[in-house]
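Contents: one structure, followed by commentary.
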Amino acid sequence: MSFDWFPDWTGQTCIVVGGGPSAATAGLEQAKGKARCVVINEGYRLAPWADALYAADSQWWSLKMGCRDFRGLHISQSDEAAKRFNWIKLVRLIRKDRVVCGPKGLIAAGSNDRGLGANSGFQALNLAVQFGAKKIILVGYDMTAKNGVHWHGRHPDGLNNPSAGSLSRWRAAIDGNAEFLKSLGITVVNASPVSELKNYPKMTLEQAIAA
């Protein structure tokens, strides 16, 4: 499998947009032209100018008919989605909760015991690392359902929505990589004010971009 489509963002800042409710009020438009951007699932609606869209689930891609109007990279771990929509770039997952630095296109699922599609937020973070980002800003990584499960409401039937158990596992996986990412020389900033992640400094998006 060729990864000649892989972007080179060496040394750049990358915003990764998760689905938490705080993403809707983060003011993503201020980041346009100032940082790279990876959006997850419905995040393309908040940042249609993003560089890449990542969605793990084939059902989501089917519901969106491949999200063809999005102009950036379309990326998934789903063979079914990539086969149906030939513009989707395919990556492979490994059952692991530690960020994978290489080879290109082999990324961690964000779980070592709950199936490969467990944590798309972790997978998108891993992609930003492999693309070479030096600073990664997490937006909408609330990791709590206290304010709702997603900024856009619940996914429709057939798609997964986070539970208390899955959110706990996701927090553990992402927080558990803080020291490792630091050892790689990567700065990770949490721009989700209500986030229950503990191991990354919190700033507003404006502050994080300027830092």
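In this structure, Q30 places its CD atom where more than 12 heavy-atom neighbours from other residues, nucleotides or ligands lie under 6.0 Å away.
Not a single donor-acceptor pair under 3.5 Å links the side chain of Q77 to the backbone N or O of S120. Checked by atom type and distance alone, the side chain of D57 never pairs as donor or acceptor with a backbone atom of Q59 at under 3.5 Å. Judged by distance alone, the side chain of S192 and the main-chain N or O of G140 form a donor-acceptor pair under 3.5 Å. Between the side chain of K135 and the backbone N or O of V189, no donor-acceptor pair lies under 3.5 Å. At distances below 3.5 Å, not a single donor-acceptor pair connects side-chain atoms of D175 with backbone N or O atoms of L197. Here the side chain of N190 pairs no donor or acceptor atom with the backbone of Y141 at under 3.5 angstrom. A donor-acceptor contact shorter than 3.5 Å is absent between the side chain of K104 and the backbone of Q130. The backbone N or O of G110 sits nowhere less than 3.5 Å from a side-chain atom of Q123 that would complete a donor-acceptor pair.
Listed here is the closest heavy atom pair of N41 and L53: O-CD1, 3.3 Å. The shortest non-hydrogen separation linking S76 to A81 is OG-CB, 4.4 Å. For the residue pair N177 and Y200, the shortest heavy atom distance occurs at C-OH, 3.6 Å. A109 approaches F122 most closely through the heavy-atom pair C-CD2, 4.3 Å. Across all their heavy atoms, D142 and G20 have their closest contact at OD2-C, 3.4 Å. The shortest non-hydrogen separation linking V91 to L127 is CG1-CD2, 4.2 Å.
The shortest side-chain heavy-atom distance between S22 and P193 falls under the 4.5 Å cut-off. I136 is listed as a side-chain neighbour of V129, based on a closest heavy-atom distance under 4.5 Å. For the pair D51/P7, no side-chain contact is recorded, criterion being any heavy-atom separation below 4.5 Å from C-beta on.
Legend: residues meeting ring-ring contact (aromatic ring centres under 6.0 Å, His included) with F85, ordered by chain and number and at least two apart, are W87. Taking D4 as the reference, S2 meet the side chain to side chain donor-acceptor pair (under 3.5 Å) condition, with sequence neighbours excluded. For E29, the side chain to side chain donor-acceptor pair (under 3.5 Å) criterion is met by W49, not counting sequence neighbours.
To the nearest 0.5 Å, the span separating CG on N126 from OH on Y54 amounts to 9.5 Å. In this structure, CG on L181 lies 8.5 Å from CZ on R98, to the nearest 0.5 angstrom. For the atom pair CG (L138) and CG (L205), the distance works out to 11.0 Å, reported to the nearest 0.5 Å.
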Under 3.5 Å, side-chain donor or acceptor atoms of residues 63-75 against the rest of the protein: list the pairs with distances, not counting sequence neighbours.
residue	atom	partner	partner atom	Å
K64	NZ	E42	OE1	3.2
K64	NZ	E42	OE2	3.2
H74	ND1	G72	O	3.1
H74	NE2	C67	O	2.8
H74	NE2	F70	O	3.4

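Applying the salt bridge (charged side-chain N to carboxylate O under 4.0 Å, His left out) test to every pair with at least one member in residues 76-85, sequence neighbours left out, gives these pairs: D79-R92. Among residues at least two apart or in separate chains, salt bridge (charged side-chain N to carboxylate O under 4.0 Å, His left out) pairs with a member in residues 189-202 are K146-E196, R171-E196.
Tracing side-chain contacts under 4.5 Å through hydrophobic residues (I, L, V, M, F, W, Y), one never reaches M203 starting from M143; they form parts of separate clusters. Note on F6 and V38: same hydrophobic cluster, where clusters join Ile, Leu, Val, Met, Phe, Trp and Tyr whose side-chain heavy atoms are under 4.5 Å apart, directly or indirectly. When the side chains of ILVMFWY residues are joined at heavy-atom separations under 4.5 Å, either directly or via intervening members, L90 and F131 end up in a single hydrophobic cluster.
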Would you check, one step at a time, whether the test side chain to side chain contact (heavy atoms under 4.5 Å, CB included) holds for T13 with I209? CA-CA 8 Å; T13 295; I209 293 170; 5.7 Å; no
